[in-house]
Enquirer: 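Before I ask anything, let me first share the structure, which is written out below as structure tokens.
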Amino acid sequence: MNASGAQGADEAPDVLAADAATEACSEAFAGYRLPGQLRPAGAAADCPLLALHGARSNLQRLNGLLAPLQQLGVGSLAPSLSGHGPDSPMPVEQTSLAHNLQEALRFAARLGPQLRMVYGSSMGGALAMRVAEHHADQIQVLALCGPALYPEAAWSATHFGAPFREAISTPFGFLQSRSLDFVRRFAGRLLLIQGEWDGLQATAHGAPAGRAAGETTLQRPDGSHHTVWSPIPAEVFSALADAAGARLQHIVLEGADHRVAAHLQQHPAVARTLAGLMQQALHAPQPAQGPRRLRIDLRGQLRPA
């Protein structure tokens with residue numbers, strides 16, 4: 001089983017070359033070093049956004065979103081965390097969720113007072129909530145894309161392996177996560193980004209309530225079938241939405257499952273629209289009204305849900 005087990009494994013990363021608008025950086029840890037990629041933007045050439053990838057992935061997987069954000073004037077820093085992508089200095093069995101958090105916090109510290117927004121995809125979403133909690137006095141926007149939500153036992157597991165998988169396999173165990181308490185008291189905006197076919201109701205697809213539907217086959221209106229990947233329980237999305245309350249903006253990507261990074265690479269217009277919503281949230285961190293639920297179609301067109 002992959003590192004994040006029932007919740008949130010990203011597909012293996014594509015190898016995307018950095019362009020001239022990026023700067024390589026790195027951070028040293030005990031016996032190893034991890035790479036990062038800076039995308040400075042705007043007149044000040046700053047980076048207010050920390051972006052965290054999911055399991056079995058790395059920083060390159062985020063380029064499809066971070067490049068259009070940079071074009072809109074939102075700079076970013078994306079690190080590769082240990083145990084996941086091809087640039088990892090160690091296999092996944094030699095690291096842990098807690099180690100990944102400490103790595104993410106080190107890169108966050110690199111940004112200093114510039115840091116105002118955290119984005120996390122899949123496992124990176126669980127990490128993003130902890131990073132935002134650590135920097136709650138300066139984070140204005142928390143953007144979670146198909147986020148994992150882990151019980152506290154997952155954070156104390158010494159490595160990604162049997163103890164971790166056992167911790168995340170208890171139905172509804174994620175409801176005991178302290179991150180939900182943080183989201184309830186978080187003063188900034190929460191963008192909850194969901195692929196249309198992620199967060200499917202598990203009971204409708206042969207799995208118990210409080211677990212993920214996983215890989216499942218759906219029937220299209222024309223009678224054909226397609227297989228989708230839905231590793232995030234439906235109740236994770238609803239719990240986070242409830243916790244955020246009026247600070248929520250829920251964005252559904254039509255035609256996508258959990259593999260949002262690949263979807264954004266395949267549909268640049270969708271990536272540009274999503275980047276625009278993130279930029280707007282960063283510039284107006286306090287919503288003018290209650291929850292907003294939006295959908296982005298394959299052409300990048302935005303409409304109310």
Side-chain angles (χ1 to χ4, degrees), residues 1-10 52-57 81-84 92-105 118-136 139 142-186 190 192-195 198-203 205-215 229-245 248 258:
M1 185 177 290
N2 57 68
S4 57
Q7 281 194 51
D10 286 349
L52 302 173
H53 64 76
R56 295 195 299 170
S57 188
L81 305 175
S82 65
H84 301 289
V92 68
E93 296 82 7
Q94 293 181 14
T95 188
S96 68
L97 188 63
H99 284 147
N100 284 170
L101 176 58
Q102 293 306 310
E103 293 159 357
L105 287 170
V118 187
Y119 170 89
S121 173
S122 194
M123 180 197 73
L127 295 168
M129 286 182 268
R130 297 295 169 106
V131 172
E133 183 178 15
H134 189 85
H135 293 279
I139 299 300
L142 178 57
L144 305 177
C145 181
L149 184 65
Y150 296 127
E152 294 309 302
W155 296 94
S156 59
T158 57
H159 58 87
F160 288 116
F164 177 81
R165 292 193 295 269
E166 182 179 354
I168 68 174
S169 296
T170 301
F172 295 104
F174 49 81
L175 294 179
Q176 307 306 315
S177 173
R178 82 166 198 233
S179 292
L180 284 174
D181 293 330
F182 165 69
V183 171
R184 291 186 188 100
R185 65 178 187 270
F186 177 55
L190 177 70
L192 184 59
I193 303 157
Q194 179 177 1
D198 198 6
L200 298 176
Q201 286 289 344
T203 53
H205 300 279
R211 295 289 302 275
E215 185 175 88
W229 177 229
S230 177
I232 304 299
E235 297 88 351
V236 166
F237 287 103
S238 59
L240 287 168
D242 290 345
L248 172 72
H258 185 69

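Excluded from the calculations below are hydrogen atoms, water molecules and symmetry mates; all remaining heavy atoms, backbone and side chain alike, are included.
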Enquirer: For H53 and L81, indicate whether the former's side chain and the latter's backbone hold a donor-acceptor pair under 3.5 Å.
Expert: yes
Enquirer: Compare every heavy atom of A98 with every heavy atom of W155, then report the nearest pair and how far apart it is.
Expert: O-CB, 3.4 Å
Enquirer: Taking the side chain as everything from C-beta on, heavy atoms only, tell me whether M123 gets closer than 4.5 Å to N100.
Expert: yes
Enquirer: Among L192, L149, L144, which one satisfies side chain to side chain contact (heavy atoms under 4.5 Å, CB included) with F237?
Expert: L192
Enquirer: In chain order, what residues pass the side chain to side chain contact (heavy atoms under 4.5 Å, CB included) check against P163, with sequence neighbours excluded?
Expert: A157, H159
Enquirer: Taking atom OG of S121 and atom CD1 of I193, what is their separation to the nearest 0.5 Å?
Expert: 8.5 Å
Enquirer: Tell me, do V118 and H135 make a side-chain contact under 4.5 Å, heavy atoms counted?
Expert: no
Enquirer: Applying ring pair (Phe, Tyr, Trp, His ring centres under 6.0 Å), can you list everything that pairs with F182, at least two apart in sequence or on another chain?
Expert: F186
Enquirer: To the nearest 0.5 angstrom, please state how far the CZ atom of R184 sits from the CG atom of L240.
Expert: 9.5 Å
Enquirer: Quick one: list whatever passes side chain to side chain contact (heavy atoms under 4.5 Å, CB included) with A239, sequence neighbours left out.
Expert: L175, L180
Enquirer: Would you name the heavy atoms of V92 and G83 that are closest together and state the gap between them?
Expert: CB-O, 3.1 Å
Enquirer: With sequence neighbours left out, write down each residue that passes salt bridge (charged side-chain N to carboxylate O under 4.0 Å, His left out) with E133, or none if nothing qualifies.
Expert: R178, R185
Enquirer: Are Q194 and H258 close enough that some pair of their side-chain heavy atoms sits under 4.5 Å apart?
Expert: no
Enquirer: For the pair F174 and F172, name the ring-plane relationship: parallel under 30°, tilted 30 to 60°, perpendicular over 60°.
Expert: tilted
Enquirer: Quick one: side chain to side chain donor-acceptor pair (under 3.5 Å) partners of H205, sequence neighbours excluded?
Expert: T216
Enquirer: Which pair of non-hydrogen atoms, one from A212 and one from P231, has the smallest distance, and what is that distance?
Expert: CB-O, 3.2 Å
Enquirer: Between the side chain of S230 and the main-chain N/O of G199, is any donor-acceptor distance below 3.5 Å?
Expert: yes
Enquirer: Can you check whether H99's main-chain N or O pairs, donor with acceptor, with S96's side chain at less than 3.5 Å?
Expert: yes
Enquirer: If you compare all heavy atoms of A202 against all heavy atoms of P208, which two are closest, and at what distance to 0.1 Å?
Expert: CB-O, 3.4 Å
Enquirer: For a quick test of reading the model, state the closest non-hydrogen atom pair linking A209 to T203 and the distance between them.
Expert: N-CG2, 3.6 Å
Enquirer: I need the full list of salt bridge (Lys or Arg N to Asp or Glu O under 4.0 Å) pairs touching residues 121-131, with sequence neighbours left out, sorted by first then second residue.
Expert: R130-E152
Enquirer: Hey, could you give me the OG/CD distance between S238 and Q201, rounded to the nearest 0.5 Å?
Expert: 8.0 Å
Enquirer: Return the minimal non-hydrogen interatomic distance between V236 and P147, and the atom names on each side.
Expert: CG1-O, 3.6 Å
Enquirer: Look up atom CG in L97 and atom CG in L127, then write down how far apart they are to the nearest 0.5 Å.
Expert: 5.5 Å
Enquirer: Any heavy-atom pair between the side chains of R211 and P171 that's under 4.5 Å?
Expert: yes
Enquirer: In sequence, state the C-alpha distance, the side-chain angles, and the governing distance for L101 and H134, and then conclude on side chain to side chain contact (heavy atoms under 4.5 Å, CB included).
Expert: CA-CA 11 Å; L101 176 58; H134 189 85; over 6 Å; no
Enquirer: Look only at the side chain of E103 and the backbone of S82, and say whether a donor-acceptor pair between them is shorter than 3.5 Å.
Expert: yes
